[in-house]
Every structure is written in structure tokens, then in C-alpha cells.
Amino acid sequence: MTTLIEIPVRPLVEYVYRTGSIESGFRVAQSMQEGTRIHKQIQEGYDEHGEKEVHLKIEIPFRDLLFRIEGRCDGMWTDEAGLLTVDEIKSTSISAEDIGDGREVHWAQAQMYGHILAEQRELEQMRVQLTYVHKSSGRETKLERIRTRQELKDFAMDTIAQYAPYAEMLAEHRRRRNESIEGLPFPFSGYRSGQRQFAGAVYKTVGEKVNLFAEAPTGTGKTISTLFPVIKSIGNERAERLMYVTAKTVTRANAEDALGRMQQNGLHLHGVTITAKDKVCFCTADGMNGRENCAYTDGYYDRINEAILDMLTNETLMNREIIEQYAQKHMICPFELSLDASYASDAVICDYNYVFDPRVSLKRLTDDQRKNTVLLVDEAHNLVDRGRNMFSAQLTKSSFLNLKRDFQTSSDPLSKIAGAINAYFLRLRKQMGEKDMISRSEAPEDLFKLLEEFVIRAEVTLLEQGADGEIELLLETYFATQTFLRIGRLYDLSSHITYVEVDGSEVLLRMFCIDPSLQLRQTAKGYRSVIHFSATLSPIRYYRDMLGAEEDDYNISIPSPFSREQLEVRIVPLSTRYRDREKTRDELARLLAELVNGRSGNYLAFFPSYQYMRDVLEVFEALEPDSDILVQQSNMAEEERDKFLEAFRPDHTRTLTGFAVMGGIFSEGVDLAGDRLTGVIIVGVGLPQLGPERELIREHFAREGHSGYNYAYVYPGMNKVLQAGGRLIRTEQDHGLLMLVDDRFLQNPYAQLLPPEWKPER
């Protein structure tokens, strides 16, 4: 039986011919940005007989495989002598002398296009050309080779022969995967209340190629209720892969555990977890100074193919530990290994960034791969503010002023352009007069040309000075500028606003994404289906609006699987508004002390801010309650977080009271089942702090006909409340006390947003 292998030209030739080291980050960023502009520049120079962006496709049999190869060549034309030329355009930062005869992987791409054209048009001979364009000078270097049809065919067959072992491994894996999924049982003895309904909705959504917004309370088993039906969909070829994206490490662990449980029941599936580079990087651990001196990135592409083949042949679920083992074995970067493995895996577990953030998304994932991928967005309520941050960008005056001074001697062109940008900021400050902040709906188009020139000058300087110069600020500003330009291209008048803030001599210019729905919707359109799910997606209309729902997308709300008797709810009508906090602080501290003195167990009290928490804690400790005390600190290391949670033991001999912050690391994704948690106290309605951006959000949605205050403050605040309260009842056996401290919990709209089981019986 013949197995079909569909692959674009570029990943095929990169797998076989890419060699050498991983380039430094600034070169990679620049290449991605400049490529489109330079391609257009060269293509506009073709004469009337030239063709550009030509789609090419061919099928090539090899052993039991049929390769369907396609791609888009940059340009082609026939000269006066009737010889066809295929042109491959590459932007570069290196000189013509350093280019030499061109890179082998670039020739391979051009020659593969040449082979397809020679076969389709029955050409006995043709010209293959590489056009390198220097990004700062615009200088062109053209290299060409004349190739016969047979030479191109031999090249193509040799390329396929080198790729075939990898393709055969993937084909055999796919066969085993689908067989294992066909007989895969649900990995628990039965479905919880609402779980079958949830899983069925996910399966139906994938089948219909739409999206789903699901509110499924704590205890529903959201992770398995989404993963299991999607894996079943992969088995019957409704989809080919899944990406499980999260905002927190703990929810990534839940997804790994669910895949592991299904593997124990017979599932054979490649799954990879992408861990943040700063956590997994060997360079940092070995005391090396970044990638420029890293043994694990030096020669990376000479070793990666063997490492990937080794790992995918011998492993299925590849978590951080497994990836680090193979990275050490093959002396390659573990972070880059996880990225490369993700393109070949059936399931990818990663942060939101790798899908939604235009700076770090998995750019080698092709459009066809996305169309066959189901995206699972865990704790989807977090994506609203994360989306705002991903599609926003800012620059500061001081960065350019300091660069102007720092490079006045060593790089006059860089110093001058930094000075021009600093002068732009000075003009902004002058326009503001006595105001601290101004805003406008348009993007700062008049700044973009200066920034593009800065990027070019910065790159030249970075290439010349390398790691030997004082480049930390230059690198930081370079990346910030790249991000600013990238967001500028995404800027939309309906979703963005530009504002300027002045603080002393500092001027900040920010393009702020008020409404991330447009960009999130555009991202979602690339995938077969997107399943947004959370314990807290209320009100659903707000989250559909903010997450970019289409009219045909489904939503579902699963009732709580727990009985009302498991939860004792008390609402204490004590004002925790900012203006009243000093007046009610002592009463609140006494209330907490009386609670823990009168009942044994483990308690978590959540506050709207660190300062308020510390103020109440000071009075609470002075009352000398009969309780051990734990306090959340800002920027806690992973070991400190684990130690905090480990203290909530079911066999604790003394009462334990934890003080934490709403919306922080302990108010979401934390599972303290059974007697590990006896009660949760929520202080306040969680409203975000007043600030210029929140006010811009309020004004924007008020203009759009919504309740601006609810969109900016109430809905995000109450989501924090619901998440914090969800830490309490985790299983059918749990019982506990939920105390809501604020008189607003008895008033609308806050009272309306409480779940039915949180509302005291009248």
C-alpha cells in the first residue's frame, strides 16, 4: 500500500540540506520582517514576461511512498534564447564576499522548483538563479547555474532518498497511532455529571469545523473532556493534530497527565511539551554567555535530524525531562529541540504565545497543517488580557537618547538615527503641553520610517560589534522596535489606540490593543476548530465578544457536578472599596481571626492587592490568632510556590491560614482537594486597579454600545473572584466554607454573576 507524503518544498530541503549553527536572535527577527519587502522590490523589477509567486506542484513515487511536493517560487521568466530561469530571492545581512557561492539549502530550494518546472514543461535545460539582497544597502548579488533536466531529476530523487527514512518513520507512527485510537476507551470508569455532554459538544464542533466556547465548572474534568474527543477525531481523520495551549504551568501538567493516562490505556501518540527557553536553556545552566558561545546551538543543524529521528522513534510523550535527556545525548539546545519536535508531533502542549503572539508563534507551521489542527484553549478567560499584551507595543524616549550617546563614536549612522527618534519624542512631549497623557486613534505612521532605518543601522552595528561591544541596551531596543513595527502592521482603528505618557523627562509611546477580538479571530480562522474552555466564562456574551467568536460558533454551559450541600456560603456585607479599606481593616482582621479560632482546618484568604493584604495581615497577626500563617510574596520562585502549597496538608495539626492575592499564582489552576483546604475567604469583588489603560477600555466599549464599566472592570474582576472560589470544592467528597466579604456581592451586577450554588438560600 502506497503512503501519501504531502510536504512543501522548503521544509523538505531544509530537513536535508540545512547545516551549521542557530543564528543569533536579532538576525532571525530581521530576516522574517525584511523578507516580504525585499521580495516585492526584486519582483517589481521583472519585465512584462516575468512571473512572480508561481505555485508549483509535483508527485514523485519512492519505494512505498508517494511524495506530493508543492511550493511557490519567487519568480521565473524565459530569455530571448528561450531558456527558462527560476529565481529564488533571499535577504541577507552579510556581504557579497561572504555569500561566496551561496548556501546549499538555498540552492536546493531553487533546484527543486527547477525540477518541477522541467518535468511539467518538458524542458531539457534551464537556469537556476539565487538573488541575494543586502538589507541595509539594497545591493544585489546574483548567482546562477545551468542544469539539465536529468541533473535536476537526480537532485530531486537524492533529496527524497535522504528524507525518506524520516517520512517512513512518521508514516508507520501514524498507522500505529490511528489503530490505537480506534480502540481507545475513555480513561475513567465512567463519565462525571455533564462530562459526556461536554465531550460530545467538542466532538461535534470538530466535525463541523466551527469553534466552541465552553463554561465547565471545577470538577467537570475539562482537560480529559476536551483531549479525549479531539484524539478520537484524529483517529477517524477529522483532524491530524492538536495544540493544547495554556497560561500556566500547572494546567500544562494536567494535560500531560491526561495524555499519560490515555497512553496507559493503549494510546500511541507523539506529544511534546514546549517549556519556556529561560527555564530549559542549558547555556544558562552551564554558565555560558548566550547563544554566541553556546555549544548546544553551535552546529545545531548538523545534529538535529539524527536527534529528532532518535527521539520520535523511541519516545511518545516528550515532556521537559525527556527532551532534556535527548538534548544532552545529541548536544543540542533543548528549547530548539522541543520546537522542532512540535512540528512533527500529534499533540503540542504549550503557552498561548506559541499560537497567538506574532513575535513567537510557530511560524513554520504551514497553512495546511493549521487547517488540520484543533486548538484547545485552556483557562480561556486569561486570553483576553494576554491578547491585549500580545497585540500591543511600546517604546521609550530614554532608550534612544542613551543609544545616541553610547554610539556617537563607534557608530555614527546608528547614533544619528537614534538621535532623530529621540527628537521625535521631544516633539511629542512639546505637543502635550501640561498634560501627562494624550491619545489618538491612528498609529504613529510618521515614526515608522525612522524605526525601519534604526533597525537596519542597529543590525549592521550588531553584526560588526557582535558580543564584544556594549550591546545590551541596543539589543533590547532593537527587539522592542521590531515588535513596535510588527504591531504597527497589525494596527486596526477598531481595536487599537495610540497614547503618549510623560513622566518627568521620560516619554512613553504605546500602541495599545483595547479589543483583541479581531486578531484572535484572525488567528482562529487558520485552525480547523478552536475550543475555548474555562470554569469561568460568564457572562458568555462578553467572552464571545472579546475572544472573537463568529456567529456560527457554539457555546455550552455545563452545570456544576457538585451538590449545593457541599458548600457553605456566607456573604459578609463589609465595604472593601478603596476609600473604605482603612476604616474596615480592623473589623476584617477580627473577622478572619474569629473564623480560624473557631474552626480547625486550612484556609486561604484572597485579597485584591498585595498592599491591602499586608495591611490586614499586620492587624491579624497582632490579634495572635491560633493559626499558622503563610503569605504569598510577589515574584515567588517555583520552589517557593511548591513549598507554599505543600503546607496545605490534610493531616495538619494546627489551623493554617494562607494570605494570597486574587488573580495571582494561587487563585487559578491550584488543586487542594479533600481536607487540604477547608475554607476560602474572598475579600472584595476583584476590580482591576484604576489606570489609563482601563479607562481607555471603558471609554471604547461605551462608544461601542456596551457597558464600558462592566467590560473594563466588573467582568474581569468577578472572573478573579470565581477563579479563587473555585479552589475550594474539587471532588464529590469535598465540603467547605466560602466567605465572600463585600456588600457589593448582594448588589447587581455582582450578585447576578455569582454561580447558583454560591447564592445563599433565602
Side-chain angles (χ1 to χ4, degrees), residues 1-18 35-36 39-40 42-43 46 49-78 82-90 104-131 145 147-168 170-171 174 209 237 239-241 343-344 363-373 525-528:
M1 188 173 111
T2 301
T3 301
L4 177 65
I5 305 295
E6 295 183 289
I7 185 169
V9 168
R10 184 166 176 174
L12 171 63
V13 299
E14 285 184 346
Y15 180 89
V16 178
Y17 297 103
R18 188 166 55 177
T36 302
H39 275 61
K40 287 181 179 178
I42 299 300
Q43 290 166 341
Y46 295 160
H49 302 297
E51 300 177 58
K52 55 189 178 184
E53 302 297 327
V54 183
H55 183 261
L56 301 172
K57 189 174 184 178
I58 194 171
E59 290 187 352
I60 302 175
F62 184 87
R63 295 202 287 258
D64 292 333
L65 305 174
L66 177 63
F67 282 83
R68 182 176 293 161
I69 303 168
E70 59 183 310
R72 194 177 298 276
C73 78
D74 294 328
M76 53 183 265
W77 61 87
T78 303
L83 189 67
L84 180 72
T85 298
V86 60
D87 191 23
E88 181 62 26
I89 305 167
K90 298 295 179 185
E104 186 179 14
V105 68
H106 297 158
W107 280 118
Q109 190 173 352
Q111 289 181 163
M112 188 60 75
Y113 293 139
H115 167 64
I116 298 173
L117 284 165
E119 293 301 311
Q120 289 178 345
R121 302 191 181 194
E122 299 183 348
L123 303 172
E124 292 308 314
Q125 185 173 273
M126 65 182 299
R127 180 186 292 111
V128 179
Q129 177 172 294
L130 292 181
T131 300
R145 294 174 178 175
R147 289 289 181 261
T148 66
R149 181 176 178 180
Q150 187 60 49
E151 286 174 330
L152 291 169
K153 184 174 183 178
D154 291 345
F155 161 79
M157 294 307 296
D158 183 58
T159 301
I160 287 171
Q162 292 185 65
Y163 186 82
Y166 180 62
E168 287 167 337
L170 291 179
R174 189 172 186 273
K209 297 184 180 180
E237 300 188 350
E240 188 56 36
R241 57 194 279 128
Y343 291 103
K363 293 176 176 61
R364 282 191 283 131
L365 203 62
T366 67
D367 290 344
D368 283 342
Q369 285 176 309
R370 285 189 179 89
K371 287 175 186 173
N372 291 305
T373 299
K525 280 181 178 176
Y527 292 85
R528 180 183 176 104

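Everything quoted here is computed from the prediction, not taken from an experiment.
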Specify the closest pair of heavy atoms between [X] and [Y], including all atoms of both residues, with the distance to one decimal.
| X | Y | value |
| --- | --- | --- |
| Gly114 | Met126 | O-SD, 3.2 Å |
| Gln369 | Thr366 | OE1-N, 2.9 Å |
| Leu365 | Arg241 | CD1-NH2, 3.7 Å |
| Ala110 | Val128 | CB-CG1, 3.4 Å |
| Leu117 | Leu123 | O-CD1, 4.2 Å |
| Thr3 | Ala171 | CG2-CB, 3.7 Å |

Q. Quick one: side-chain contact (heavy atoms from CB on, under 4.5 Å) partners of Lys525, sequence neighbours excluded?
A. Arg521, Gln522, Glu550
Table please: side-chain donor-acceptor pairs of residues 161-168 below 3.5 Å, with sequence neighbours left out.
{"residue": "Gln162", "atom": "NE2", "partner": "Asp158", "partner atom": "OD2", "Å": "3.0"}
{"residue": "Glu168", "atom": "OE1", "partner": "Arg63", "partner atom": "NH2", "Å": "3.4"}
{"residue": "Glu168", "atom": "OE2", "partner": "Arg63", "partner atom": "NE", "Å": "3.1"}
{"residue": "Glu168", "atom": "OE2", "partner": "Arg63", "partner atom": "NH2", "Å": "3.2"}

Going by salt bridge (Lys or Arg N to Asp or Glu O under 4.0 Å), name the residues that satisfy it together with [X], two or more places apart in sequence or in a different chain.
| X | result |
| --- | --- |
| Glu240 | Arg174, Arg177 |
| Arg18 | Glu14 |
| Arg68 | Glu6, Glu59 |
| Glu122 | none |

Check: [Y] and [X] side chains under 4.5 Å, non-hydrogen atoms:
| X | Y | answer |
| --- | --- | --- |
| Lys52 | Ile89 | no |
| Thr2 | Pro61 | no |
| His55 | Arg72 | yes |
| Glu53 | Asp74 | yes |
| Gln109 | Lys90 | yes |

What distance do [X] atom [atom1] and [Y] atom [atom2] have between them, rounded to the nearest 0.5 Å?
| X | Y | atom1 | atom2 | answer |
| --- | --- | --- | --- | --- |
| Glu51 | Leu84 | CD | CG | 8.5 Å |
| Met76 | Tyr113 | CE | OH | 13.0 Å |
| Ile160 | Ile60 | CD1 | CD1 | 3.5 Å |
| Lys153 | Thr148 | NZ | OG1 | 11.5 Å |
| Ile7 | Asp368 | CD1 | CG | 12.0 Å |
| Tyr527 | Asn372 | OH | CG | 12.0 Å |

Q: Take the angle between the ring planes of Tyr17 and Phe155 and call it parallel below 30°, perpendicular above 60°, tilted in between.
A: parallel
Q | Expected output: side-chain Gln120 to main-chain Ile58 donor-acceptor under 3.5 Å | A | no
Q) Does a sphere of radius 6.0 Å around CZ in Arg10 hold more than 12 heavy atoms from other residues, nucleotides or ligands, not counting ones at 6.0 Å or beyond? A) no
